[in-house]
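Working notes, structure below.
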Amino acid sequence: MTRVVNEDEQGDESEGGGNLYLLKPGIRRYTPARLLLGAVSLAALALSTSALRPSTSASKRKPLSAYDAQVLELMAKMTLDEKVGQMTEADASALKDPGDVGKYHLGSVLNGGDSDPDAGNSLQAWTDMVDRFQREAIKTRLGIPLIYGVDAVHGHNNVLGAVIFPHNIGLGCARDPKLVEKVERVTAEEVRATGINWAFAPCVTVPRDIRWGRTYEGYGEHPELPRLLGGPAVMGFQGDDLSNPLSVAACAKHYAGDGGTTWGSSMNHKVDQGDTRVDEATLRRIHLQGYISAVQAGVATIMPSYSSWNGVKCSASKRLLTDILKDELGFQGFLISDWAALDELPGDHKTQIATSINAGMDMVMEPYRYQLFFADLKELALEGKVPMSRIDDAVKRILRVKAAMGLLNKNRSPLADRTLWKSFGSPEHRQVARQAVRESLVLLKNDRQTLPLSKQASWIHVAGRSADDLGNQCGGWTIRWMGQSGEVTPSGTTILTAIRKAVGRSTKVTFSKDGTGGAGASVGVVVVGETPYAEGRGDTNDLNLAAEDAQAIANVKRAGIPVAVILLSGRPMVLGDALEKSDAFLAAWLPGTEGDGVADVLFGDYKPTGKLSFSWPRSMAQVPIHQGDANYDPLFPYGFGLTY
Ligand code: BGC
Ligand code: BGC
């Protein structure tokens with residue numbers, strides 16, 4: 001039996017922003033006691049109470065149900081095959097015959113993390129591929145275009161030359177809703193340039209265990225962060241009006257409690273896709289906050305999580321999908337299952353489908369077995385094991401979103417607008433990413449005013465294996481699912497290059513990976529940290545700095561010069577004596593392609609403002625650790641951050 005833990009009972013919680021009852025959208029009620037608690041913990045962090053304010057205001061946006069008349073008219077013409085097809089999503093790499101889009105009346109195609117166009121990852125190859133599938137859809141009897149999905153989780157990260165933004169963990173340290181909205185606006189534009197109209201983002205998870213390989217996908221350990229930033233992210237993707245040709249449909253994920261799983265409770269990994277063992281009040285207070293914010297902002301889609309809640313897979317939970325999300329929270333869009341996630345449910349394939357659709361799943365991501373899914377769901381409908389009313393509800397929800405996106409407007413082409421190519425990866429877009437980078441950096445230590453560095457220093461010695469490594473800067477979900485060290489994408493600025501660009505002509509900049517050769521320099525800058533990973537493959541019980549990294553820091557220290565360390569990582573790491581050996585220490589997370597933003601902070605063009613979105617442990621023995629724990633004694637508390 002699973003033990004259901006209320007984190008409150010463990011003294012494990014004093015969540016400032018999680019003090020919200022889940023009611024109909026737009027209705028918020030705070031209990032005085034919780035409001036007080038929130039105020040106290042926020043004051044302790046010296047945060048403004050604006051963090052508690054709902055993230056987005058109601059806009060002129062129409063509710064999705066406003067399109068129902070148009071949708072029902074279309075549905076009256078649809079066959080069962082056409083309805084089942086709308087509920088089916090296949091992966092592009094599995095669609096060997098593009099004609100299958102028409103044959104199975106597919107509602108959607110996606111590209112998973114490692115699913116690339118045959119012609120490579122160029123902007124042109126992506127656009128041509130998407131248009132090819134879209135043309136198949138508009139050739140069908142009813143000509144309903146595809147909603148085409150991709151993981152644009154820190155920029156349009158599958159495409160070479162796209163601007164890669166900091167992963168969400170960094171945006172959580174910036175705590176700037178306007179910035180997040182801007183970031184996702186730019187991302188939406190770059191996604192649109194390839195003809196894609198749907199992003200599997202934002203991830204509004206609350207990672208409660210930094211051993212989780214997806215920690216960086218979340219804004220932070222505290223629900224106030226997805227609560228604050230989830231809505232603005234949705235607004236950035238979708239704008240005020242989904243039919244705007246620069247908008248893409250957003251997808252809040254992974255619902256619910258993906259970040260709350262217990263170490264060792266996962267079938268396939270350690271934390272990822274495991275079981276979240278908390279009572280419903282705790283689930284609501286911690287793990288539902290980002291969804292409240294996203295639904296209020298009109299999010300078009302939500303992705304149920306691979307993980308379980310008290311032993312029941314989220315994809316099978318009627319309580320979560322229908323009762324709470326649709327009925328109570330009033331979510332009017334559609335649910336898309338995670339990658340082959342139904343395969344994880346009990347029973348045979350047909351049973352898995354029946355369970356999930358009956359629980360409230362609307363569209364199913366069946367990357368490879370889309371033909372089988374189509375056949376099985378059709379059979380289930382004919383047998384009455386999935387009631388027609390449920391199929392109709394799912395199709396209505398999918399078509400509402402398509403209608404709101406303007407996809408049912410026959411006078412409008414769903415093909416890519418290639419004039420957008422000119423702003424793809426543009427300097428203007430990079431400027432927004434650079435701002436995001438400088439706002440996300442957290443200064444953890446700065447003895448003897450080591451930082452900011454002078455642009456007139458005579459000699460800066462740069463060291464560490466990540467100083468000149470774009471791939472390590474970007475992390476997972478960059479061109480490849482797992483990311484990749486080295487020159488993962490052709491455009492972008494490494495930290496070494498950014499330093500070289502920033503200094504005056506008289507300043508000498510040298511570089512050695514292992515840190516040797518710095519004796520006599522004015523200062524050493526060492527860039528170390530994690531190498532890229534994604535999802536469960538990043539689950540680990542060892543967050544110690546790699547020996548090679550510790551050695552590079554030690555080597556620079558041995559030169560007898562001041563040492564500034566920059567850590568690139570998807571989560572806090574155990575620093576050992578690296579912190580003592582450094583005079584200044586910056587947590588830069590996974591900043592993406594714009595290394596100039598790091599230089600802005602290093603040289604004081606921007607004074608650090610980032611505040612830790614996670615508690616920083618002293619040792620692995622302290623993990624998991626969160627603000628509000630009894631005996632909370634981290635190396636650096638949640639909310640910590642120095643400035644100059
Ligand atoms: C896909 C990813 C997906 C993963 C799930 C990979 O092959 O490319 O998009 O998330 O499989 O296991
Ligand atoms: C991940 C999702 C992602 C999907 C599609 C899954 O493995 O959990 O976050 O959206 O793949 O690539």
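Numbering of ligands and ligand atoms starts at 1, following listing order. Hydrogens, waters and symmetry mates play no part in the numbers below; they use all other heavy atoms, side chains included.
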| Aromatic ring proximity Tyr368/Trp339, centre distance under 6.0 Å | yes
| task | Establish, yes or no, whether a centroid distance under 6.0 Å links the rings of Trp212 and Phe614. | result | no
| request: May I ask you to check if ligand 2 and Asp151 share an N or O to N or O distance below 3.5 Å? | output: yes
| query | Under a 4.0 Å N-O cut-off, is there an ion pair linking Asp362 with Lys326? | reply | yes
| Out of curiosity, is Met303 lining ligand 2, as in a heavy atom under 4.0 Å away? | yes
| request: Can you sort out which atoms of ligand 2 are near Asp338, meaning under 4.0 Å from one of its heavy atoms? | output: 1 (C), 2 (C), 3 (C), 4 (C), 6 (C), 7 (O), 8 (O), 11 (O)
| said: Within this structure, what is the CD-CG distance for the pair Glu89 and Leu110, rounded to the nearest 0.5 Å? | reply: 4.5 Å
| task | Compute the shortest N/O to N/O distance between Asn111 and ligand 2 and return yes if it is under 3.5 Å, no if not. | result | no
| So with a 6.0 Å cut-off around CG of Asp118, is the heavy-atom count from everything else above 12? | no
| note | At under 4.0 Å between heavy atoms, what of Glu217 touches ligand 2? The answer is neither
| query | Going by the angle between their ring planes, with limits at 30° and 60°, are His167 and Tyr216 parallel, tilted or perpendicular? | reply | tilted
| task | With heavy atoms of His254 as the reference, note each atom of ligand 2 found under 4.0 Å away. | result | 2 (C), 8 (O), 9 (O)
| query | With sequence neighbours left out, which residue pairs that include part of residues 111-133 fulfil the ring pair (Phe, Tyr, Trp, His ring centres under 6.0 Å) condition? | reply | none
| Tyr104: what forms a ring-ring contact (aromatic ring centres under 6.0 Å, His included) with it, not counting sequence neighbours? | Tyr370, Phe374
| Which ligand 2 atoms, with their elements, are less than 4.0 angstrom from a heavy-atom of Lys253? | 2 (C), 3 (C), 9 (O), 10 (O)
| Out of curiosity, is Tyr306 lining ligand 2, as in a heavy atom under 4.0 Å away? | yes
| message | Is there a polar contact between ligand 2 and Trp481, counting only N or O atoms under 3.5 Å apart? | response | no
| said: Out of all atoms in ligand 2, which are within 4.0 Å of some heavy atom of Arg214? Include the element for each. | reply: 1 (C), 2 (C), 8 (O), 9 (O)
| note | Taking only non-hydrogen atoms of Gly112 and a 4.0 Å limit, the atoms of ligand 2 in range are 12 (O)
| query | Quick one: which ligand 2 atoms are inside 4.0 Å of a heavy atom on Trp339? | reply | 6 (C), 7 (O), 11 (O)
